[in-house]
Each structure stands twice: as C-alpha cells, then as structure tokens.
Amino acid sequence: MSSARLPGIRANVADGFEHWQSFLRDRPRLKIFLIVFPPALVLAVFFLLPLVFMAYLSLLEGMPPAPATFENYMRLVTQEVYLSILWRTTVITAQATILTVLIGYAIAYSMVRFSRRTTMILLLVIMPFWTNYIIRMYAWINILQTNGVLDAALLFVGVINEPLGVLYSHEAVLIGFIYIYLPLAVLPFYASLSYLDQDLIDASMDLGAGPIKTFLSITLPMTKNGIMVGVILVGIPIFGSFITPQLLGGTDNTMVGMIIENQFVEAFNWSFGAALSITVAFIVVAMLVLGMLAGGNFFDLGGEDE
Amino acid sequence: MSALSSAWNLLERVAYNHGRKAGLTCLVLAILYLWFPIFVVTFMSFAEREVLTFPPSSLTLDWYLVFLDNDAAISATITSLQISFITTPIAVALSVLIAYAIDRYVFPGKSILQLVAVLPIVVPLIVVGVAMTIFFGIVGIQASFWTVVAAHVIRVIPFTVLILVPTLVAFDRSLEEASYDLGANELTTFRKITVPNIMPGVVAAGLLAFTISFNEFVYTYFVKDARTQTLPTYLWDQLRQHATPEVNVISVVFIVFAISTVLIAVALTNVERITTHDG
C-alpha cells in the first residue's frame, strides 16, 4: 500500500466512524442493545442455559430422549446414605465457616486497629489465596500425613511418641477449608472495619465503656454486613467442595460434592448427578437469601439504579 | 451482682492492657499459618529422595530437571497458558461492556444482567461445571480446548465485572463533557479521555482474569476432553495416582506465578482495588 493513499483511507475510516456514531446517536436503544447483547448472550448460553438443561435432565431417567421421572429426587430423599451425606456436608460447612469467620475477623480487626503496616499484611494474607487450590491442599497432605512435617516436628520436640497422622480425618478437612477460605473472609471484614468511623469508638471509650463493651455495642453491630458477606463467601463454596474432602478427608468424610463428581466420572449416572446438583444449588440459594436477609448486601455493584 | 460486675471490669482491664498484644500475636500466627505450607512445598521441591519424608536427607535441583524434561507437564503448562491468553481478552472485553452498560444506561433487564454477571461466584463451582457438561452433552458439542475456554470466560466474568463497575463509576464523566465541549467527537473522547482513565482498572481486571484462568480447576475438570490437559488437571491426576517430588516443582511454578501476578497488580494499581469490592 502506498503511503500517499494512507491519509485518504484514514479519513475514510474516520468518516465511517463519524457516520456510524451519528447513526447510533439517533438510535439510543440500538446502541444499548449492541453493548448489552454480546455479554448477555454469552452468559445466557454458557451459564443460564446449562443450569436449565441440568434441571431438565434431573427430571429424566437418562440422557434425552428419555421418559420423565421423579426417581432421581426420590432416591435422594429415601436412601439414608444420601441424606446422611447431605447432613455431614452441612455440619462440616457450618463448623468450617464459623471457625474461618472467627479467625478472619480477629485478623482483620488486628490489622485495622493494631497494625500500621496494613497494606503489607493485606498482601501477605491474599498472596497464598492466589496460589493454586490443589497445590495448597497438596501442601497440607505433606504436613498432615503420617510421618509428615507435623509429626516430624512434634516427635522432635517430644510432645508425642507415636506419629499422629492427622491426614484423612474430619480435623484435616476443617484445617484445609479454613486455610483455603481465610483470606476470602478477611477481605470483607477488613473493608467494613476500615470504613468504621474511629470517632464512634473514641466516643464510646470517652463515655467510659471498656474495649469489650465498645466492641460489642459499636464495632460488631456496625460491621454486621461485612460479616454476613464473609459468611456467604466462605460457606457457599465449602458446601459444594469436593477437592478438599477428597484429598484430605478420605472415605469417612464424604461430602455431597464428591458424590456429584462420582456420578460424572465413575458411575455415569448423569440424571442423578443433575438432581444432586440442583439440590445443592437450592440449598445454596437458601443460604444466600438468609444471608442477605441478615444484612449481607452481596449484589450491590454500585451502579446507577433508577 | 457486684462480683459479676467486678469480673467484667477485670475482663475489660485485661482487654485494655493486653488486647493489642493478643491481636498482634493472632495476626502473626495467622500469617505463619498461611505461609507455612507454601514454604514446606518450596523446600521439599529441593529434596533428593523420591519418598516424601521430612526433613529431606539432602538437597538437589534434580526434580526441576525432571519437570523440564517431562513432555506431559510442559505441554500441560503450555495449554494452560494458551487458554489463559485466549480467555483473558474475551472476558475483559465482555466485562467492560457489562460495566459500561450498568454504569451509563437504564434498560429493561438491567437488574437481571447485574445479578447474572456476578452469580457464577456464588453458585458452587461443581454445580456450574456439571451443568456445562450436561449442556454440552445434550446439545452435542464435543468437549475440547474451546469448551474449556468458554467455561473459563464464565468463571472469570464476575470477578472482572466486580473490578470494572467501580472503576467506571469512579470515573469523572465531566471530563468527557469537557472534551465534547472542546469539540472532540465521541470516538476521540473515548480514546483520549475514557480509555486512559479506566486503564488501571482494565489492567487489574486482565491480571485477575489471567490468574483465575491459569489456576482454574473445577470447570476445566468437567468440560475438558481427554486430550486437553491443563496444569491444574495434570496435577490432580498426579496426586490421584502417586505423587513424585516433581509435584513440588509444579507447586513452586504456581507459587511463583501467584506471587508475581499479585506484585504486578499492586505495582500497577492500588491494593484496595484488587482485594475488595465493598463500598
């Protein structure tokens, strides 16, 4: 292409844009449509539609075409093994979430109130979170297994005489979950604590309240929303998890996520897997709604809502 | 009653005198807890013996050479990078459109778009992963490299939207008006005013997208075909079979990757932006 023609082409392109712009300026709705359509299409096709298909498959005997049935859900509620797995999943989720939230709040509180190097500590807290999930679980396998790092350290110090072998236990699963989700809990707590007006705390102290009373009557109620967001962020992924119980829990600590995975990887009963997934989704939605009713304003993106 | 209140006063005094110390101790212990496993695997990647024992008898770089010589591991690494490099621009572009629409316009279905864009964060990964498998299965789309890319785009969008919406909201639109008043057209204004102003947010979103995609496991595990192996799925197979110390080397790869992306993100934007979205 000769360089002499380039300005001409450039002018043409600019003209084209100019034309296109005025065309769109006269048709604001078309403009909005062109902006919203591509992402909406992608979300609809690859996210919403799959969920609909899964709900549909959960009501069939097998891959379509197949007769409709309620059998997949009946199997879930009538067979004791599945109910007990759902219950165990709920218990582990509740325990891990409570522990994570308590520790996470203590960390965030100490960061905001007692530490001056907040940025650096925040970095130290989030960096492990960006390390691969499976790597972090693998690290804990090394630490917790019989004659692993923990056993070696405790034997060396002389606290124990026999290796403990904490791996493949309920405790190991809890340790793994807390480890994974602690940074995720710290972030919303940190945000809501650092938005808290220091004057309120000073006022409470000036009026004679001690640190505990001030915490209970000022800090805690005013960071309630952040706490609920943390509970949601931590509780939901734990409920659906299968990696952590698989790698750290062994056979006695089966969670519902492992059963779902099994339907697709070994048992090849997709309909039943779909019914289990829908059940998990419903439980999670219930958790989310409860959390939001309790004040966790999770979906507030801060856009203009008219 | 007075015994109770004096006990309470004692507690308050203890909290007043020792609260700071207790809090900082807790902070240090938590950071040790978060970093200890990372140090353990890094250290073990230099262990000589094949049996995983601690402490290792002697130190070596052999396992790094084994990793570099392992075609399966290297090709999984390359596949992971390819997928992340394709996913990132797609997800960021779509998220810019979503954030722009949410920030600027009122349209029917806006609140639904707002909800659906961040919904994948709160639906357990396994539920969406399984749903995608079922969808591709019923519709008849063969699992492949590209189904993994589609899944990754969905996985990433909520995070990039959560970064980009506040970026666009914070952007002072009177700058654009000033540009129009001075005679610039929409395209020039967008190029010279809007883009440079939202660029830090876009870069942060891109880094986050790349990191999430590179580490993504659950969606990938369900929608990939047998030939497409990413580094996380390769790792999973290794752990399920029998882990050689080579796994420690792969761990170090992931750790170095994580630390450097976070540091780059911090250098390019502020920490608040990549860590919080609470307003």
Side-chain angles (χ1 to χ4, degrees), chain A residues 17 21 32 35-36 38-40 42-43 46-47 49-51 53-54 57 64 106-107 110 114 119 122 124 126-128 130-135 138-140 142-143 148-149 152 187-188 191-192 210-212 236-237 240 242 257 260 264 270 273-274 277 280-281 284 288 299 301-303 306, chain B residues 11-12 15-16 19-20 23-24 26-27 30-31 34 37-38 40-41 52 54 94 97-98 100-103 105-107 113-116 120 122 124 126-127 130-135 138 150 154 165-166 169 186-187 211 215 217 232 235-236 239 251 254-255 258-259 262 271 275-276 278-279:
Chain A
F17 268 118
Q21 270 173 26
I32 295 174
I35 292 173
V36 173
V42 169
L43 286 167
F46 293 113
F47 177 64
L49 221 48
L51 294 176
F53 272 65
M54 181 167 73
L57 184 67
I107 295 174
S110 305
F114 304 133
T119 308
L122 205 54
L124 285 174
I126 58 167
M127 264 184 204
W130 290 115
T131 307
N132 189 277
Y133 193 112
I134 298 170
I135 296 293
Y138 169 68
W140 280 103
N142 278 313
I143 294 171
V149 178
L187 298 179
S192 59
I212 299 175
I236 287 175
F242 73 96
I260 297 176
F264 290 84
W270 285 26
S277 283
V280 167
V284 160
L288 192 62
F299 289 106
L301 287 180
E306 275 112 339
Chain B
L11 263 181
E12 289 279 23
Y16 186 81
R20 188 187 151 81
L24 288 177
C26 170
L27 200 55
I31 288 171
L34 287 170
I38 290 175
V40 167
V41 281
L52 298 178
F54 193 88
L94 292 174
L97 292 178
I98 294 172
Y100 197 82
I102 288 176
D103 177 43
Y105 301 112
V106 180
F107 51 91
L113 179 70
Q114 227 164 329
L115 178 76
V116 172
V122 290
I126 192 166
V127 171
V130 160
M132 286 176 176
T133 318
I134 291 170
F135 172 70
I138 291 180
I154 295 296
V165 170
V169 170
E186 270 181 69
L187 185 70
T211 311
N215 284 304
F217 171 73
L235 188 65
W236 174 258
L239 288 189
S251 307
F254 275 113
I255 291 164
I259 293 175
V262 172
V271 191
T275 52
T276 59
D278 204 294

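Only heavy atoms go into these numbers, but all of them, side chains included; no hydrogens, no water, no symmetry mates. Below, chains carry the letters A, B, ... as their sequence lines are ordered, and counting in each starts from 1.
- For A/I143, the part lying near chain B is the side chain, with the backbone staying farther off; criterion is any non-hydrogen pair under 4.5 Å.
- Contact record, A/F114 with B/G19: CE1-O, 3.6 Å, taken as the closest heavy-atom pair.
- The choice from A/L57, A/I107, A/L124 that makes the most heavy-atom pairs within less than 4.5 Å of chain B is A/L124.
- Contacts of A/V42 with chain B are made by both backbone and side-chain atoms, with heavy-atom separations under 4.5 Å.
- Proximity to chain A involves both the backbone and the side chain of B/V116, based on heavy atoms less than 4.5 angstrom apart.
- Taking both residues in full, the closest heavy atoms of A/M54 and B/V127 are given as CE-CG1, 3.6 Å, listed atom of the first, atom of the second, then distance.
- Both the backbone and the side chain of A/I35 come within less than 4.5 Å of a heavy atom of chain B.
- Across every non-hydrogen atom of B/V106 and A/I32, the tightest pair is O-CD1, 4.1 Å.
- Only the side chain of B/T211 comes within contact range of chain A, with heavy atoms under 4.5 Å apart.
- Using a 4.5 Å cut-off between heavy atoms, B/L239 contacts chain A through its side chain alone, with no backbone atom that close.
- In this structure, B/N215 and A/Y133 have side chains that are not in contact, with every pair of non-hydrogen atoms separated by 4.5 Å or more.
- Between chain A and the options B/I126, B/V41, B/I31, the largest number of non-hydrogen pairs under 4.5 Å is found for B/I126.
- With rounding to the nearest 0.5 Å, the separation of CZ in B/F254 from OG1 in A/T131 is 10.0 Å.
- Contacts between B/L97 and chain A at a heavy-atom distance below 4.5 Å involve backbone atoms as well as side-chain atoms.
- Taking CG of A/L51 as the reference point, atom CZ of B/F135 lies at 11.0 Å (rounded to 0.5 Å).
- For B/I255, the parts sitting under 4.5 Å from any heavy atom of chain A are the backbone and the side chain alike.
- Residue contact with chain B, scored on non-hydrogen atoms closer than 4.5 Å, involves the side chain of A/P64 exclusively.
- Side-chain contact check for A/F264 versus B/I134: some heavy-atom pair is nearer than 4.5 Å.
- Below 30°, between 30° and 60°, or above 60°: for B/F217 and A/F242 the angle between ring planes is between 30° and 60°, a tilted geometry.
- Put simply, CG on B/L235 and CD1 on A/I135 are 4.5 Å apart, with the number rounded to the nearest 0.5 Å.
- A/V284 places none of its side-chain heavy atoms less than 4.5 Å from the side chain of B/V122.
- Of the listed residues (B/T133, B/L11, B/V130, B/I98), the one with the most heavy-atom contacts under 4.5 Å to chain A is B/V130.
- Of the two parts of B/F107, only the side chain, counted from C-beta on, holds a non-hydrogen atom closer than 4.5 Å to a non-hydrogen atom of chain A.
- For the set A/G273, A/P128, A/P38, A/A106, the entry with the most heavy-atom pairs within less than 4.5 Å of chain B is A/P128.
- Across all their heavy atoms, A/V149 and B/V40 have their closest contact at CG2-CG1, 3.8 Å.
- Comparing B/I154, B/L34, B/L24 by how many heavy-atom pairs each has under 4.5 Å with chain A, the most go to B/L34.
- Between chain A and the options B/A131, B/A150, B/A258, heavy-atom pairs under 4.5 Å are most frequent for B/A131.
- Across every non-hydrogen atom of A/G240 and B/P124, the tightest pair is CA-CB, 3.9 Å.
- You'll find the side chain of A/M127 stays beyond 4.5 Å of the side chain of B/I38, heavy atoms only.
- In this structure, CD1 on B/I138 lies 10.0 Å from CG on A/L49, to the nearest 0.5 angstrom.
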